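This report concerns only the one structure given below.
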Amino acid sequence: MNNSENALVYWGLSLAAGAYSLLSLRLLRQEYLRAPANRIGVAMLAAALLTVVWSVFSLLALAVSAAWWLGAQSADMLRYLCWGVFVALFFKANAAAVQGPWYRWLPGLASAGLLGVPALIVLVNVLAGATGHMFLMVLLALGGLVLVEQLFRNLPEDSLWSAKPVCLGLAGTFLFDLYLFSQGVLFQGVDPDALTARPFVHALMVPLLLLATTRHRNWIAKIRVSRKVVFHSATLVLVGLYLLFIAGVGYYVRYFGGEWGAPCSWDWFSWDWCLRWRWRFQARCEPSCGCFWASISFGTGLITVKNG
């Protein structure tokens with residue numbers, strides 16, 4: 001990286017740290033930690049704080065020592081797990097309320113995560129290298145997308161107002177990371193332009209998360225999943241088609257010549273995906289051929305093929 005690219009990375013990580021610090025302060029002001037604690041609010045606060053830790057540790061790894069990368073990668077994976085717990089708790093009746101001594105298990109679970117995740121990252125890097133770590137991130141991003149889809153599509157109409165910003169914010173984050181790390185797995189290397197834009201994209205999702213916390217003081221209680229939960233697989237089908245498309249283009253580039261073009265604007269790409277998910281959510285349509293393909297956009301200028 002040259003000096004301008006380094007400065008852009010520093011600005012992006014600083015912006016992400018500041019944005020998620022604001023989100024953390026907002027959640028603290030809503031007093032989710034006060035007895036009786038709100039488990040869903042605690043999970044969201046933990047995810048926000050871990051994002052701040054990820055940003056700070058990444059800055060330290062770039063500016064001080066590469067030894068900080070293990071802490072940054074661990075915080076990155078832990079925040080994904082917290083976001084997954086945050087979404088999954090909505091599927092349990094009265095999950096927000098404290099029932100029983102669940103908080104007694106919290107220190108143990110936190111210790112297991114803080115010790116187990118770094119050990120897992122080291123083991124995966126020893127056995128499979130950087131590709132193994134990227135594959136884990138693909139699984140986490142895909143799992144997050146599936147959970148977000150299940151949450152939104154199993155909500156009654158009166159819960160949509162509170163849930164839309166959260167679902168859009170998380171979907172934008174997971175979609176971008178899915179693209180970033182799936183490309184890294186398929187082509188044995190992460191696009192440096194996309195990697196530079198990653199903290200900016202994550203920071204751009206914060207206004208949506210903040211919007212959810214301002215629509216109602218007790219907005220978590222307003223999100224109630226239907227009693228008859230139905231599993232929807234549109235996300236899995238879409239991701240499968242996307243990976244097949246990327247693999248096909250990569251095959252063409254490899255055997256017929258050409259190169260991958262730099263993305264025009266990763267931030268615009270993420271907002272474009274968010275808008276498409278918003279239209280899809282708003283329509284509340286089933287994944288029929290017409291509306292399903294309407295939500296797919298591969299012609300965004302992210303990939304250019306040049307015949308050699």
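Nothing here was measured: the structure is a model prediction, and the numbers come from that model.
A heavy-atom distance below 4.5 Å is not found between the side chains of Trp161 and Lys222. Leu22 has its side chain out of reach of Val206: every pair of non-hydrogen atoms, C-beta onward, lies at least 4.5 Å apart. The shortest side-chain heavy-atom distance between Phe200 and Trp11 falls under the 4.5 Å cut-off. Between Thr214 and Trp219, every side-chain heavy-atom pair lies at or beyond the 4.5 Å cut-off. Between Pro199 and Trp54 there is a side-chain heavy-atom pair separated by less than 4.5 Å. In this structure, Leu78 and Leu114 have side chains that are in contact, with non-hydrogen atoms separated by less than 4.5 Å. Proximity of Leu23 to Met44: side-chain heavy atoms (C-beta onward) are separated by under 4.5 Å at one or more points. Side chains of Leu208 and Val166 form no contact here, defined as non-hydrogen atoms less than 4.5 Å apart.
Contact check on Arg198 versus Asp76 returns a salt bridge, with a Lys/Arg side-chain nitrogen under 4.0 Å from an Asp/Glu carboxylate oxygen.
In this pair, Phe176 and His202 present their aromatic rings perpendicular. The plane angle is above 60°, beyond the 30 to 60° band. By the 30° and 60° cut-offs, the orientation of the rings of Phe174 relative to Tyr80 is tilted.
When all heavy atoms of Ala194 and Leu180 are compared, the pair lying nearest together is CB-CD1, 3.6 Å. Contact record, Leu147 with Gly84: CD1-O, 3.7 Å, taken as the closest heavy-atom pair. Closest of all the heavy-atom pairs between Ala43 and Val85 is CB-CG1, 4.2 Å. Among all heavy-atom pairs drawn from Leu59 and Tyr10, the shortest one is CD2-CD2, 3.6 Å.
Residue Asn154 holds its CG atom at 9.0 Å from CD of Glu149, rounded to the nearest 0.5 Å. From Phe86, atom CZ reaches atom CG of Leu81 across 15.0 Å, with rounding to the nearest 0.5 Å. In this structure, CD1 on Ile121 lies 8.5 Å from CE on Met137, to the nearest 0.5 angstrom.
At distances below 3.5 Å, not a single donor-acceptor pair connects side-chain atoms of Gln183 with backbone N or O atoms of Asp191. Of the possible donor and acceptor atoms, none in the side chain of Arg26 sits under 3.5 Å from a partner among the backbone N and O of Leu210. At least one donor-acceptor pair under 3.5 Å links the side chain of Ser55 to the backbone N or O of Thr51.
The side chain to side chain contact (heavy atoms under 4.5 Å, CB included) test with Leu62 singles out one residue from Trp69, Trp68, Phe57, and that residue is Trp69.
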